[in-house]
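One structure is given here, and the rest of the page talks about it.
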Protein chains: 2
Amino acid sequence: MADQGTAIRARRLQATEGDLPDSVASDGTRGRILEAALHLFAETSYAGASIREIATAAGVQSASLYAHFPSKERILAEIAVIGHEEHHRRLRHALLESRPDPAEQLTALVRAHVRMHCELSMLAVVSNNELHSLSSAVAEPVMATRDSSTQLFNEVIQRGVDLGVFAPAHVWMAVAAIGGMGIRVANWYTPGFELTIDEVADTYADFALGIVRSEVH
Amino acid sequence: MADQGTAIRARRLQATEGDLPDSVASDGTRGRILEAALHLFAETSYAGASIREIATAAGVQSASLYAHFPSKERILAEIAVIGHEEHHRRLRHALLESRPDPAEQLTALVRAHVRMHCELSMLAVVSNNELHSLSSAVAEPVMATRDSSTQLFNEVIQRGVDLGVFAPAHVWMAVAAIGGMGIRVANWYTPGFELTIDEVADTYADFALGIVRSEVH
DNA sequence: GTCTATACTATGATAGAC
DNA sequence: GTCTATCATAGTATAGAC
């Protein structure tokens, strides 16, 4: 019988630690507003979190929010930008440090992808799952960043196919599958998990190689 | 250079057709309320959709909703129950029809899982992504159904390991990865996609086999 | 079961003093 | 930049006639 002991029953987010990247988290009231909004958007969704709740959690009055952001929507927009740019930065950095072997490059990408979704799971959940609450004009730059990240996966896998080392049934769907399984990690990972983040990342990199080699054997 | 032509840029949901399972969709005002709520919850989230909007979309006055549901929360609860039970029913049916070979069983499960997320993508998106808006008491039976479905994957993969035909780096994470990549299909699949639902399902079944065999070769 | 009317509260955002 | 006070609107839900 399968082990139930590791079962994690996350409805949306398991981790409660880790909010914004260190580079952003710091600066004063504005930073506290972003952190407060991030937590509340994760817990109760964008529409479910009120301006007053965000202000209270940030330790200011609701009117003071408008000295830092012109609207509630712009708070979410900033969070989504931070999340997607941090993600993209990590992917590019991983590729830069990797040798040109497609398998090593894919491993590096997946590891960075999964690490992001473990280390900044709250940011990842909000960035990924609340985008539909932004008007399309405001969401556009975020989507562009996401397209760039998808393209990194696409290029690595396509190159592996061209070199004859990968043979997924469908390149675009392999990207969707690898990206999707990693995104979902943010929903269940918690620092209390039985494996370290590095071990989780390695395991998923292994899974990704299994996906792109699915027709090779 | 990788093909951009197949790029799909879903923020939350690509498909607009397909709402509730045929078995539920039919009956009168109550059915229309559920359908209307499903659409609105998918578009603007649970908290973002108002009772008045749901009523208007269902063709009744807002007060009339309360003749069918005691609260807005119970509308979402019913949708989530329908979604998760339909999902579980399909998985069990797939297993019942499969021969006892673990690879065939896993293929059957993944195909059913993916088909569900293509054919009822709106229901799947709401059932999966709005659960955190339910109080934990109301969400509990839904979570129990989800646990049962996870357990089906778990048992098939664990049995494959015991029989020596599967060797994923980690059984629980293989289940999470296979489940997660399938769940994400609901976010991008649309009837206009270049492949049929069966082809998508087959491809993902292939990916899943790649995941559980990741250490074998 | 559906309607009109409404109670009561919460919402996003602004005005203006300090 | 932060506060108190407030506007105008929208929110869930209920009362009671038909």
Side-chain angles (χ1 to χ4, degrees), chain A residues 20 24-81 126 130-139, chain B residues 20 24-81 126 130-139:
Chain A
L20 288 170
V24 192
S26 40
D27 48 1
T29 301
R30 188 185 154 88
R32 289 208 316 281
I33 292 170
L34 286 173
E35 300 257 5
L38 175 58
H39 277 79
L40 286 163
F41 291 164
E43 280 167 33
T44 54
S45 90
Y46 170 73
S50 77
I51 285 285
R52 280 175 240 261
E53 287 171 318
I54 296 169
T56 299
V60 291
Q61 293 300 311
S62 63
S64 304
L65 293 189
Y66 294 91
H68 301 274
F69 299 93
S71 68
K72 184 183 166 189
E73 185 185 25
R74 286 286 166 183
I75 301 179
L76 174 58
E78 171 119 0
I79 290 171
V81 165
V126 171
E130 298 294 330
L131 271 190
H132 66 282
S133 294
L134 294 175
S135 67
S136 49
V138 173
Chain B
L20 288 170
V24 191
S26 40
D27 48 2
T29 301
R30 190 186 154 88
R32 290 207 316 282
I33 292 170
L34 286 173
E35 300 257 4
L38 175 59
H39 277 80
L40 286 162
F41 292 163
E43 280 167 32
T44 54
S45 88
Y46 171 73
S50 76
I51 285 285
R52 282 178 239 258
E53 287 172 319
I54 296 169
T56 300
V60 292
Q61 293 300 312
S62 63
S64 304
L65 293 188
Y66 294 91
H68 301 274
F69 299 93
S71 68
K72 184 182 165 189
E73 185 185 25
R74 286 285 166 182
I75 301 179
L76 175 58
E78 171 120 1
I79 290 172
V81 166
V126 171
E130 298 295 331
L131 270 191
H132 65 283
S133 295
L134 294 175
S135 67
S136 49
V138 173

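By convention in this document, chain letters (A, B, ...) are assigned in the order of the sequence lines, proteins followed by strands, and residues within each chain are numbered from 1.
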Inset, instruction - Using the side-chain hydrogen bond (donor to acceptor under 3.5 Å, both in side chains) rule, collect all pairs that involve residues 56-73 of chain B, keeping only residues at least two apart or in two chains. - result: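 Every side-chain hydrogen bond (donor to acceptor under 3.5 Å, both in side chains) pair that includes a residue of residues 56-73 of chain B, provided the two are not neighbours, is B:Glu73-B:Ser135.
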Inset, instruction - Can you check each nucleotide of nucleotides 2-15 of chain D against protein heavy atoms at under 4.0 Å and return B for base, S for sugar-phosphate only, - for none, in 5' to 3' order? - result: BBB------BBBBB
Inset, instruction - Please state how far atom CZ in B:Phe69 lies from atom P in C:dG1, giving the value in whole angstrom units. - result: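 In whole Å, C:dG1 P lies 11 Å from B:Phe69 CZ.
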Legend entry - N-O pairing of A:Arg30 and A:Glu78 below 4.0 Å: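 Looking at A:Arg30 and A:Glu78, the cut-off is met.
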Legend entry - side-chain contact (heavy atoms from CB on, under 4.5 Å) partner of A:Tyr46, the single match among A:Leu131, A:Leu76, A:Ile79: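 Passing option: A:Leu76.
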Inset, instruction - Please test B:Leu34 against B:Phe69 for side chain to side chain contact (heavy atoms under 4.5 Å, CB included), starting from the C-alpha separation and ending with a verdict. - result: CA-CA 10 Å; B:Leu34 286 173; B:Phe69 299 93; 3.6 Å; yes
Inset, instruction - Quantify the bending of the helix from C:dG1-D:dC18 to C:dC18-D:dG1 as the angle between its end axes, each fitted on five pairs, to 10°. - result: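 Helix axis angle between the two ends: 0°.
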Inset, instruction - Begin from the C-alpha positions of B:Ile54 and B:Phe41 and carry the test side chain to side chain contact (heavy atoms under 4.5 Å, CB included) through to its verdict. - result: CA-CA 9 Å; B:Ile54 296 169; B:Phe41 292 163; 3.9 Å; yes
Inset, instruction - Over all heavy atoms of both residues, which pair between B:Leu134 and B:Ala77 is shortest? Give the atoms and the distance, please. - result: CD2-N, 3.9 Å
Inset, instruction - Evaluate the side-chain proximity of B:Val138 to B:Arg74: yes if any heavy-atom separation is below 4.5 Å, no if none is. - result: yes
Legend entry - Short side-chain to backbone donor-acceptor contact, B:Thr44 and B:Leu40, under 3.5 Å: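 Yes: the side chain of B:Thr44 pairs with the backbone of B:Leu40.
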